[in-house]
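To start, the structure itself, in structure tokens.
Counting from 1, the numbers follow the sequence of the chain as shown.
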Amino acid sequence: MIIVSKFTPLNFLYTLLFLLAVNPVLTAIGKEPTILVFGDSVSAAYGMDPEQGWVHLLSEQLKTGTQPSMPSYLVINASVSGETTGGGLVRLPKTLEIHQPDILVLELGGNDGLRGYPIDKIDSNLRAMTAMALTSGAKVLLIGMVLPPNYGRRYTEAFESVFRQVAAEFDIQFLPFFLQGVATPESLIQGDGIHPRAEAQAMLLEDVWPYLEKLL
């Protein structure tokens, strides 16, 4: 025996609620496209007002009307000064769950290198975070890092190659390094010799934009 229930608005509502419960993807319908920047002090606007940082400048650039050919994007800055790839790996699952980004800008590894962390550990952490983001449905832009020559040629070359290898293996967008790497003019670097000044933030965005634009 087949029972045919009469269609009513209430029945439709119950059906919709059931579908949303069993298929979380449907809950994302209508969600504003989101870019999650997941980095360290370089993206956390260290030493300056957050509104001077390149991530905030990106948010302003992507507001409706600024880029007419693109939708408006919500830009979330989940960067933490001093963060390492190990700390990022711990934080990323919950961060992805909360923000459900369409694009992840992964800018971690610099602090690992400056502390001389093992290359294989940096490599495994970057791979794990990249895989995690892709599995969540996000596109990934990986930003590479360079180190001063005083860390030794063997370590610096191995360190820099990790980012290229991860990007190649996962076939993701890859920016080798910000500005001119270790050749960045001193006038654009803060007194600590590491962090870009406020005057350099627009240039950081200029570096990121061509790679990010391909994912928008």
Side-chain angles (χ1 to χ4, degrees), residues 35-63 66 73 75-92 95 103-119 121-122 125-126 129 140-164 166-167 173-213:
I35 298 172
L36 176 67
V37 180
F38 199 72
D40 53 29
S41 54
V42 175
S43 296
Y46 176 86
M48 68 193 75
D49 188 309
E51 293 189 353
Q52 294 178 298
W54 77 264
V55 179
H56 180 78
L57 298 180
L58 170 65
S59 179
E60 291 296 304
Q61 181 167 310
L62 287 172
K63 283 185 176 179
T66 308
Y73 277 82
V75 179
I76 302 293
N77 194 353
S79 303
V80 175
S81 293
E83 185 68 287
T84 62
T85 58
L89 183 58
V90 172
R91 287 197 302 124
L92 188 57
T95 306
I103 298 171
L104 174 73
V105 179
L106 183 57
E107 183 267 311
L108 286 175
N111 289 310
D112 300 62
L114 291 174
R115 298 171 188 177
Y117 285 179
I119 297 297
K121 191 61 178 178
I122 300 172
N125 288 341
L126 287 173
M129 286 188 286
V140 178
L141 165 58
L142 177 63
I143 297 179
M145 302 287 170
V146 295
L147 292 174
N150 59 293
Y151 279 79
R153 181 176 178 181
R154 181 178 180 182
Y155 185 82
T156 56
E157 289 184 351
F159 174 79
E160 293 168 20
S161 69
V162 162
F163 299 89
R164 294 194 298 270
V166 171
Q173 286 295 312
F174 174 53
L175 167 60
F177 48 77
F178 273 136
L179 297 178
Q180 301 172 47
V182 295
T184 303
E186 290 185 8
S187 61
L188 296 177
I189 300 297
Q190 296 181 38
D192 59 11
I194 298 175
H195 298 95
R197 294 180 181 272
E199 294 81 1
Q201 299 302 306
M203 299 174 68
L204 297 181
L205 178 55
E206 287 179 4
D207 284 350
V208 171
W209 182 252
Y211 301 91
L212 182 60
E213 186 177 23

*Any donor and acceptor pair, going by atom type alone, linking the side chain of E199 with main-chain N or O of L188 inside 3.5 Å?*
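Judged by distance alone, no pair lies under 3.5 Å.
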
*Would you find a donor on one side and an acceptor on the other, under 3.5 Å apart, between the side chain of Q52 and the backbone of D49?*
yes

*Kindly determine whether W54 and S43 satisfy side chain to side chain contact (heavy atoms under 4.5 Å, CB included), including the steps that lead there.*
CA-CA 7 Å; W54 77 264; S43 296; 3.2 Å; yes

Contact between [X] and [Y] at the side-chain level, heavy atoms closer than 4.5 Å - yes or no?
X    : Y    : answer
I35  : I76  : no
F178 : E107 : yes
Y211 : P176 : yes
L58  : L62  : yes
L36  : V105 : no
L114 : Y151 : yes
E83  : R91  : yes
L108 : T84  : no

Could you tell me which non-hydrogen atom of [X] sits nearest to which non-hydrogen atom of [Y], and how far apart they are?
X    : Y    : value
A78  : T95  : CB-CG2, 4.1 Å
P50  : H56  : O-CB, 3.5 Å
Q180 : P185 : NE2-CD, 3.9 Å
S79  : D40  : CB-O, 3.6 Å
Y46  : S81  : CD1-OG, 3.9 Å
A200 : P196 : CB-CB, 3.9 Å

*Using the six-membered ring wherever Trp is involved, compare the ring planes of F159 and Y155 and label them parallel, tilted or perpendicular (cut-offs 30° and 60°).*
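Plane angle under 30°, so parallel.
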
[X] [atom1] to [Y] [atom2] distance, which is reported to the nearest 0.5 Å:
X    : Y    : atom1 : atom2 : answer
Q173 : I103 : CD    : CD1   : 10.0 Å
M203 : D207 : CE    : CG    : 7.0 Å
S41  : H195 : OG    : NE2   : 2.5 Å
I189 : T184 : CD1   : OG1   : 5.0 Å
L205 : L212 : CG    : CG    : 8.5 Å
S187 : R197 : OG    : CZ    : 8.0 Å

_Please evaluate residues Y73 and K63 with respect to the criterion side chain to side chain contact (heavy atoms under 4.5 Å, CB included), reporting the C-alpha separation (whole Å), side-chain torsions for both, the decisive distance (0.1 Å), and the verdict._
CA-CA 7 Å; Y73 277 82; K63 283 185 176 179; over 6 Å; no

*Starting from the C-alpha separation in whole Å, work towards a yes-or-no answer on side chain to side chain contact (heavy atoms under 4.5 Å, CB included) for M129 and L106.*
CA-CA 9 Å; M129 286 188 286; L106 183 57; 4.2 Å; yes

*asked:* Are there over 12 heavy-atom neighbours, none belonging to R115, within less than 6.0 Å of that residue's CZ?
replied: yes

_Pair T85, D112: side-chain N/O donor-acceptor within cut-off below 3.5 Å_ = yes

*E160 and T156: CA distance, side-chain angles, deciding distance, side chain to side chain contact (heavy atoms under 4.5 Å, CB included) verdict*: CA-CA 6 Å; E160 293 168 20; T156 56; 4.2 Å; yes

